[in-house]
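Reading through the C-alpha cells given below for one structure.
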2 protein chains.
Amino acid sequence: MLKTVVEMDKAAVVLKLLGDKTRLTMMKLLDNNDCCVCEFVEIFDMSQPSVSQHLRKLRDVGLVREQRKGQWIFYSVNKDNDYYGFIEQIIKQLPDQDYKLKELEEKGTRITCC
Amino acid sequence: MLKTVVEMDKAAVVLKLLGDKTRLTMMKLLDNNDCCVCEFVEIFDMSQPSVSQHLRKLRDVGLVREQRKGQWIFYSVNKDNDYYGFIEQIIKQLPDQDYKLKELEEKGTRITCC
DNA sequence: TTATTATATAACTATTTGCTTATATGTACA
DNA sequence: TGTACATATAAGCAAATAGTTATATAATAA
C-alpha cells in the first residue's frame, strides 16, 4: 500500500464525493468488482441518468474509469489515481456490499459479459 | 486503535461533513489541539458566525465537543464518538496543519487560556 | 451598573447538488 | 437497413449548503 501525499484541497474534494451514500456504495462495490451502469440502476433502484451522473463525477476526479465492452460500459476503480491509497483506507473500513451483486446474480440480472 | 463498526448511511454523513476544506482542516487541527472559535476565525479569515456554524455541524454529529473556559468556548475532538476510529484513519493521512496555530502564537493571538 | 469581548442563533441569499424528463449517441441484432 | 438496448448529456427544478448581516446571550472588566 503506497503512502499517498495528500493535499487538503483535493482531499476535501474527494471526501465530498464520497459523502453521498450512492457514490460511497458504488466505490465500495467497484473496489472488488467491475460493474456496468445498468447494474447500478437496479441495485440503487435509481434512474439511469442519475447513475450516469454519479459515475461521471467519480470519473471526472479520476477515482474510476470506464471501459466499453460491447453494448455495456464497465466501470472500475482507478488504482493508478494519486488518491487511491487515501480512499482505500476509507473504503476498507466500510461494510461489505457485495451481497447487492449476489442478489443480481440470483435474479439472473448480473452482467458477466463478454 | 478500536475497530469501528461502520454503517454506510452514517459513514456518508460523516464524509460529507469532512468534505469541506474548512471543516476538514478544523478536524485536523482539533485532533492535536483544543481551539476556540476566535482562533478559527483568524486562521480561516472567515466571519465568526460562519465558523460557529461549521463547528455546530461537527458537534451535531458528535465529532467534536465544546467546553466553556471563561469567556471562551474551546472545541476538541470527541474521541468517544463511535466514528472516531473511522475519521482517525482519514485525518492521519492529511498533512499537518499545526503551523497555522504556530502563526497565531508568533502573532500573540493564540488563546492558551486558563 | 455599563461597556467590551466571545459566541450562538436567526433570517436571508446565492450557489451547489441530486434528481427528473427529454433527447442524442453508440452497439447489437433481425 | 431499422429496431431495441445501453449509456451519456442537456435542461429544468426543488432541496441543501455555505456564506452574509443582524441580533441575542453570556462572561469579563471598568
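Order of the sequence lines fixes the chain letters, A, B, ..., with proteins taken first and strands second; residue numbering starts at 1 for each chain. This structure is a prediction, so every number in the text was calculated from the model and none was measured.
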| said: Check this one for me: any side-chain N or O of A/Tyr75 less than 4.0 Å away from OP1 or OP2 of D/dA8? | reply: yes

| field | Value in whole Å for how far the P atom of D/dT17 lies from CG of B/Leu24 | value | 17 Å

| request: Whole angstrom is fine here: how far is it from CD in A/Glu66 over to P in C/dG26? | output: 13 Å

| field | Rounded distance in Å - CH2 (B/Trp72) to C1' (D/dT28) | value | 9 Å

| query | What integer distance in Å separates A/Lys69:NZ from D/dT7:P? | reply | 13 Å

| query | Do any pairs count as a side-chain hydrogen bond (donor to acceptor under 3.5 Å, both in side chains) and have a residue in residues 24-33 of chain B, sequence neighbours left out, and if so which ones? | reply | B/Asp31-B/Tyr84, B/Asn32-B/Asp98, B/Asn33-B/Asp98

| task | Rounded to the nearest 0.5 Å, what's the gap from CZ on B/Arg23 to NZ on A/Lys16? Could you check? | result | 8.0 Å

| said: Return a single string for nucleotides 16-24 of chain C, one symbol per nucleotide in 5' to 3' order, where B is base contact, S is sugar-phosphate-only contact and - is none, cutoff 4.0 angstrom on heavy atoms. | reply: -SSBBBB--

| Spacing between B/Lys21 atom NZ and D/dT17 atom C1', to the nearest angstrom | 18 Å

| B/Lys21/A/Asp9 ion pair, N-O < 4.0 Å | yes

| query | Do any side-chain nitrogens or oxygens of B/Arg68 fall under 4.0 Å of OP1 or OP2 in C/dT7? | reply | no

| task | Enumerate the residues from residues 8-15 of chain A whose closest heavy atom to DNA chain C is under 4.0 Å, giving them by residue number; use none for an empty result. | result | none

| note | Residues at least two apart in sequence or cross-chain that pass salt bridge (charged side-chain N to carboxylate O under 4.0 Å, His left out) with A/Asp60, listed by chain then number, are A/Arg56

| Which residues pass the ring pair (Phe, Tyr, Trp, His ring centres under 6.0 Å) test with B/Phe40, sequence neighbours left out? | B/Phe44

| query | Taking only residues two or more places apart in sequence, or in another chain, which ones meet B/Asp80 in a salt bridge (charged side-chain N to carboxylate O under 4.0 Å, His left out)? | reply | B/Arg65

| message | Rounding to an integer number of Å, can you tell me how far A/Gln71 CD sits from D/dA8 P? | response | 13 Å

| remark: From CZ of A/Phe40 across to C1' of D/dA8 the rounded distance in Å is 16 Å

| task | Take atom CZ of B/Arg65 and atom P of C/dA8, then tell me their distance rounded to the nearest Å. | result | 16 Å

| query | Are the charged groups of A/Lys100 and A/Glu39 less than 4.0 angstrom apart, N to O? | reply | no

| field | Heavy-atom side-chain contact between A/Leu15 and A/Ile90 under 4.5 Å | value | yes

| task | Could you tell me whether the side chain of A/Leu58 reaches within less than 4.5 Å of the side chain of A/Tyr75, counting heavy atoms only? | result | no

